[in-house]
Amino acid sequence: MAATGAGIGALPHSEAHYFNSYNHHGIHEEMLKDEVRTKSYRDAIYNNKHLFKDKVVLDVGCGTSILSMFAVKAGAKHVIGVDMSTIIVKAREIVEANGMSDKITLLQGKMEEVELPFPEVDIIISEWMGYFLLYESMMDTVLWARDKYLRKDGKGLIFPDKATIFMAGIEDGDYKDEKIGFWDNVYGFDYTPLKVTALTEPLVDTVELKAVVTDPSPVITFDLYKVTVEDLAFKMPYHIPIRRTDYVHALVSWFDIEFSACHKPVRFSTGPHSRYTHWKQTVFYLADVLTVQEGEAISGVLSCKPNAKNRRDLDIEIDYKTETDNAGRAAEGHCTYTMA
Ligand code: SAH
């Protein structure tokens, strides 16, 4: 296949690393087997054939071309799939094997560099979400594609178009002891310098619903029709009501996704109350253990921005404070994390 652009080898190291990670079929297998993810896209597309019929569709980061093929089945006139990773070579064979080569054009290259065969598209489909929603910063690329290629008359559609980050507080004493407390005494030695490091790394893992001691609290919603790359560096106040008298060792975060252009909106959640997804949840251990009572709240500010050295990494800061009348249990703190 003729590759557009200079190929992954010519990219800066961190970018090459990112795109190389999508070369192997294993990562695509994990995503395809995530049924919450893949069936939500399939439902959003198949149940809205009236929106896809005869439309030109752009699949940003097409991977194995699954979303492109959904769009063709829903009646799209033509789909352009773009991916920088070499998986697109296989995508081309898959499209051929499914008799869709005349309907799908696959371009290998960076979305920001390839030249599309159409000046405008009617619909953008993309699965760009990373851990903690924003890790990997692929939303930047979708916004770039939106601004350059989505039809300018306001009738263009984006699938999905809404993403909300949530937070809640969890009781996670045993695991915190095992992961963080471990460094206090390693074969009789003080290893606390590594404790500091461990505390600054958010942990991507599944959280059991019974560990959640608060209500879920929405922190920020991105509307993909309006959001700009600058908005992806944000500082948002949050307020998490306590539902159960307990201890809080960490804040857990997840995101919900919505396809609101659908006749009946399709949504899925990656939270602890929902079915497993490969995004799991993201846990931020706090420096303190908060002692909280039903009716109180944890409040503070969540800040997030792309790392200055590697835009795909995230610098996250959490200010927290227990809202309580009990001075003995009042606590506040500030933690910084890097997702790399
Ligand atoms: N759409 C597929 C794959 C999603 S994973 C599916 O739903 O299964 C995201 C894909 O986007 C990866 O294959 C990655 O290589 C590609 N990608 C990310 N940023 C890109 C960019 N700027 N240009 C081209 N491809 C990109």
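For ligands, and for the atoms within them, numbers begin at 1 and follow the listed sequence.
Distance CE/M339 to CD/E201: 10.0 Å, rounded to 0.5 Å. Between the OG atom in S21 and the CD1 atom in I87 there is a gap of 11.5 Å [rounded to 0.5 Å]. Taking CZ of F222 as the start and OG1 of T164 as the end, the distance is 9.0 Å to the nearest 0.5 Å.
If you number the atoms of ligand 1 from 1 as listed, the ones under 4.0 Å from a heavy atom of K110 come out as 23 (N), 24 (C). With ligand atoms numbered from 1 in the order given, ligand 1 contributes 6 (C), 7 (O), 8 (O) to contacts under 4.0 Å with heavy atoms of I66. For ligand 1 and Y22, the ligand atoms under 4.0 Å from any heavy atom of the residue are 5 (S), 12 (C), 13 (O), 14 (C), 15 (O). Close approach to H28 involves these atoms of ligand 1, each under 4.0 Å from a residue heavy atom: 13 (O).
Under a 4.0 angstrom heavy-atom cut-off, G109 registers as being in contact with ligand 1.
At a 4.0 Å heavy-atom cut-off, ligand 1 touches Y18 through the side chain alone. Contacts between C62 and ligand 1 below 4.0 angstrom, taking non-hydrogen atoms only, involve the backbone exclusively. At a 4.0 Å heavy-atom cut-off, ligand 1 does not touch W128 at all. Contacts between D83 and ligand 1, counted as non-hydrogen atom pairs separated by less than 4.0 Å, involve both the backbone and the side chain. Both the backbone and the side chain of M111 come within contact range of ligand 1, each with a heavy atom under 4.0 Å. At a heavy-atom cutoff of 4.0 Å, ligand 1 is contacted by the side chain of M31 but not by its backbone.
Contact record, T38 with L32: OG1-O, 3.4 Å, taken as the closest heavy-atom pair. Contact record, K77 with K103: O-CD, 3.4 Å, taken as the closest heavy-atom pair. Here the closest non-hydrogen pair linking K73 and K49 is O-CE, 3.8 Å.
Looking at ligand 1, you'll find an N or O of S85 within less than 3.5 Å of one of its N or O atoms. Taking distance alone, with nitrogen or oxygen atoms compared against 3.5 Å, T141 approaches ligand 1 more closely than that limit.
Looking only at heavy atoms of the protein, atom 8 (O) of ligand 1 is closest to R37 NH2, 2.9 Å. Considering only non-hydrogen protein atoms, atom 22 (N) of ligand 1 sits nearest to E112 OE1, 3.0 Å. Scanning the protein heavy atoms around atom 3 (C) of ligand 1, the nearest turns out to be G61 O, 3.4 Å. In terms of protein heavy atoms, atom 25 (N) of ligand 1 is closest to M84 N, 3.2 Å. Scanning the protein heavy atoms around atom 26 (C) of ligand 1, the nearest turns out to be F19 CE2, 3.5 Å.
The aromatic ring centroids of F70 and F159 lie 6.0 Å or more from each other. Between F259 and Y41, the gap from one ring centroid to the other is short of 6.0 Å.
Each of F268, F166, Y276, F284 was evaluated against W254; a single residue qualifies, F166, per the ring-ring contact (aromatic ring centres under 6.0 Å, His included) test. Under the ring-ring contact (aromatic ring centres under 6.0 Å, His included) rule, W279 has a single partner from Y131, F132, F255, which is F255. Screening D83, D140, L58 for a side chain to side chain contact (heavy atoms under 4.5 Å, CB included) involving M111 leaves a single residue, L58.
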